[in-house]
Amino acid sequence: MLADKVKLSAKEILEKEFKTGVRGYKQEEVDKFLDMVIKDYETFNQEIEKLQQENLHLSKQLEEAVEQGKRQPAQSNTTNSDILKRLSNLEKHVFGSKLYD
């Protein structure tokens with residue numbers, strides 16, 4: 001799943017310590033940036049969880065619909081127009097040209 005592919009958690013990002021050098025980055029800027037990354041990370045994780053739940057729900061609905069379709073007999077899509085055409089063709093075949101004389 002996704003947890004196997006993700007290398008960092010929000011907690012790991014928050015707790016990451018960086019060494020400072022002589023001309024290193026400003027700690028406050030790094031912290032602010034990492035805070036934004038953490039918030040985005042948490043938002044992405046929440047959205048992924050929501051979508052996984054929705055996917056599971058929709059998969060169950062699909063399974064139920066397929067099972068219900070298997071239990072119900074196939075319905076004919078024949079319309080009145082189709083029936084009238086068939087009846088007319090049958091009359092022509094049985095009675096031939098006598099019907100129209």
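Here the structure is a predicted model, which means the values were calculated and not measured.
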- Do Asn45 and Glu49 come within less than 4.5 Å of each other through their side chains, counting heavy atoms only? no
- Decide yes or no for Leu90 and Arg86: does some side-chain heavy atom of the first lie under 4.5 Å from some side-chain heavy atom of the second? no
- Query: In the single-linkage hydrophobic clustering (I, L, V, M, F, W, Y; side-chain heavy atoms under 4.5 Å), do Leu8 and Val30 co-cluster?
  - Reply: yes
- Query: Would Leu34 and Phe44 show up in the same hydrophobic cluster when neighbours are defined by side-chain heavy atoms closer than 4.5 Å?
  - Reply: no
- Query: With sequence neighbours left out, what residues match Glu67 under salt bridge (Lys or Arg N to Asp or Glu O under 4.0 Å)?
  - Reply: Lys70
- Mind checking side chain to side chain contact (heavy atoms under 4.5 Å, CB included) for Phe33 and listing every partner two or more places apart, or none if nothing turns up? Met36, Val37
- Sequence neighbours excluded, every pair satisfying salt bridge (Lys or Arg N to Asp or Glu O under 4.0 Å) that has a member inside residues 34-43: none
- Looking at residues at least two apart in the chain, or sitting in another chain, which of them share a side chain to side chain contact (heavy atoms under 4.5 Å, CB included) with Ser59? Asn55
- Which other residues belong to the hydrophobic cluster containing Val66, where Ile, Leu, Val, Met, Phe, Trp and Tyr are joined when side-chain heavy atoms lie under 4.5 Å apart, directly or via other members? Leu62
- Contacts of Glu47 that satisfy salt bridge (Lys or Arg N to Asp or Glu O under 4.0 Å) - sequence neighbours left out: Lys50
- Item | Residue that, paired with Glu15, satisfies side chain to side chain contact (heavy atoms under 4.5 Å, CB included) out of Glu12, Lys11, Glu17 | Lys11
- Task: Enter the distance from Lys32:NZ to Gln27:CD here, rounded to the nearest 0.5 Å.
- Result: 12.5 Å
- Message: Can you tell me how far apart CG (Leu58) and CG (Leu51) are? Round to the nearest 0.5 Å.
- Response: 10.5 Å
- Spacing of CG belonging to Leu14 relative to CG belonging to Asp31, to within rounding of 0.5 Å: 9.0 Å
- Query: Does a sphere of radius 6.0 Å around CD in Gln61 hold more than 12 heavy atoms from other residues, nucleotides or ligands, not counting ones at 6.0 Å or beyond?
  - Reply: yes
- Thr43 side, atom OG1; Ile38 side, atom CD1 - distance, nearest 0.5 Å: 11.5 Å
- Asn80 atom CG: more than 12 heavy-atom contacts under 6.0 Å: no
